[in-house]
There are 2 protein chains.
Amino acid sequence: MENRKCIDRLEQKGVRVTSIRILVLGALMESSRPMSLADLEKELETVDKSSIFRTLGIFEKHHVVHSIDDGTGSIKYEACEGKDNCTIADMHTHFYCEICHRTFCLKDITAPLVNLPDGFQVHSINYIVKGVCPACRRTVAGRS
Amino acid sequence: MENRKCIDRLEQKGVRVTSIRILVLGALMESSRPMSLADLEKELETVDKSSIFRTLGIFEKHHVVHSIDDGTGSIKYEACEGKDNCTIADMHTHFYCEICHRTFCLKDITAPLVNLPDGFQVHSINYIVKGVCPACRRTVAGRS
DNA sequence: GTCTTAAATGCAACCCGGTTGCGGCTTATA
DNA sequence: TATAAGCCGCAACCGGGTTGCATTTAAGAC
């Protein structure tokens, strides 16, 4: 419960501090994986999902968190890392395991940026690799 | 209505030919953009969405079409190109315009593949670049 | 052609993530 | 303490996707 850290981050980004916001940001910062609305709902039993939803919207607008779409149909969120706003260069690769349905952050692997035809203006990148993660691969190794 | 072409493709992929399947595949092959279930529903008024849904599932399994997730919340489909099955190398880049909400196929731009840590087995790639398309950029040029 | 069977289809209902309207509560400021 | 702005919980809603089931269609046997 590093509340201090959450509070500092919120103040630094110009977001009003409330108990719920501390809880939501705390959960995201402690998690090693991006979390969906449902994940947060489960972890924060006492908080209504609409509150979490609105909180995430505010966080996103103020660059406290950013969202990624791993193709599972539910958007996932993770706390932004650097002090400054998340830029394209900060976007990292994600890996979605089709067996255990977990999404991994590969934070050291920057999402690649291709050259686009003239006229396309890039705002963000969504780069998801799908397949089988090491753990699941080991588990099913016997049969493949 | 190049029915012949659709029928050939279905037979070649080992999919039973029905009138609905010809319609669905025809619509996808004629479209310059990937289509969602809702898009197909609108274009094929006479066909029930559950039929389209199941048809797409069968098409996907038999590599007649593949799906992409452009982060809009609705999966889009496009007809596979080559005679053989779609491979990772065939996956191309998509661009989603945040203004007009259209998804563009950049067929000449192969989706990049990063090097993953050991143990990750890749099946597919989802690479979406988001921003503003040339047409919308021109339209809003006056104010930016 | 007719029969039989499996597959395909339409309909209606459902599921679930996401979203919104609104009344009540909390916080900030005077 | 009074007031206003913003936050929160509840409940209802929305839309894409999915499923169960009865009906229709197509493929093969006779």
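By convention in this document, chain letters (A, B, ...) are assigned in the order of the sequence lines, proteins followed by strands, and residues within each chain are numbered from 1. The analysis underlying the following values was restricted to heavy atoms, covering all of them including side chains, and did not include hydrogens, waters or symmetry mates.
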**Request:** Could you check if a side-chain atom of K13(A) sits within less than 4.5 angstrom of a side-chain atom of E11(A), using non-hydrogen atoms only?
**Result:** no

**Asked** For residues 43-50 of chain B, which residues have at least one heavy atom under 4.0 Å from DNA chain D?
**Response** K49(B), S50(B)

**Distance flag, aromatic centroids of F120(A) and F104(B), threshold under 6.0 Å** = yes

**Item:** 5'-most by nearest nucleotide on DNA chain C - S74(A) or T18(B)
**Value:** T18(B)

**Asked** Nearest of dG18(C), dG9(D), dT18(D) to any side-chain atom of I20(A)?
**Response** dG9(D)

**Request:** Return yes if a side-chain donor-acceptor contact under 3.5 Å exists between H101(B) and Y96(B), otherwise no.
**Result:** yes

**Asked** How long is the gap from OH on Y77(B) to CD1 on I52(B), to the nearest 0.5 Å?
**Response** 11.0 Å

**Asked** In Å and rounded to the nearest 0.5 Å, what is the SG to CZ distance from C80(B) to R9(B)?
**Response** 8.0 Å

**Request:** Would you check if I58(A) and R21(A) make a side-chain contact, meaning some heavy-atom pair closer than 4.5 Å?
**Result:** yes

**Message:** So, OP1 or OP2 of dC7(D): does either fall under 4.0 Å of a side-chain N or O from R21(A)?
**Reply:** yes

**Asked** What is the distance from CG of L25(B) to C1' of dA8(C), rounded to the nearest Å?
**Response** 17 Å

**Prompt:** Between the side-chain atoms of R54(B) and the base atoms of dG10(C), is any donor-acceptor pair under 3.5 Å?
**Reply:** yes

**Nearest-angstrom distance from the residue atom CD1 of I75(B) to P of dG16(D)** = 12 Å

**Complete:** Separation of dA26(D) atom C1' from I7(B) atom CD1, nearest Å, is 14 Å

**Message:** As an exercise, state the distance from CZ of F95(B) to CD1 of I128(B), rounded to the nearest 0.5 Å.
**Reply:** 10.5 Å

**Of S19(B) and G73(B), the one whose closest DNA chain D nucleotide lies more 5'** = G73(B)

**Message:** For V17(B) and F53(B), find the nucleotide of DNA chain D closest to each by heavy atoms; which residue's nucleotide sits nearer the 5' end?
**Reply:** F53(B)

**Which residue lies more 5' along DNA chain C, comparing I52(B) with R16(B) via nearest heavy atoms** = R16(B)

**Request:** Give, for atom OG of S19(B) and atom CG of N3(B), the distance between the pair rounded to the nearest 0.5 Å.
**Result:** 10.0 Å

**Proximity to DNA chain D (any heavy atom under 4.0 Å), residues of residues 34-42 of chain B only** = L37(B)

**Request:** Could you tell me the separation between the CD1 atom of I22(A) and the P atom of dT27(C), rounded to a whole number of Å?
**Result:** 11 Å

**Prompt:** What integer distance in Å separates I58(A):CD1 from dT19(C):P?
**Reply:** 14 Å

**Complete:** In this structure, CD1 of I68(A) is separated from CD of E78(A) (nearest 0.5 Å) by 5.0 Å

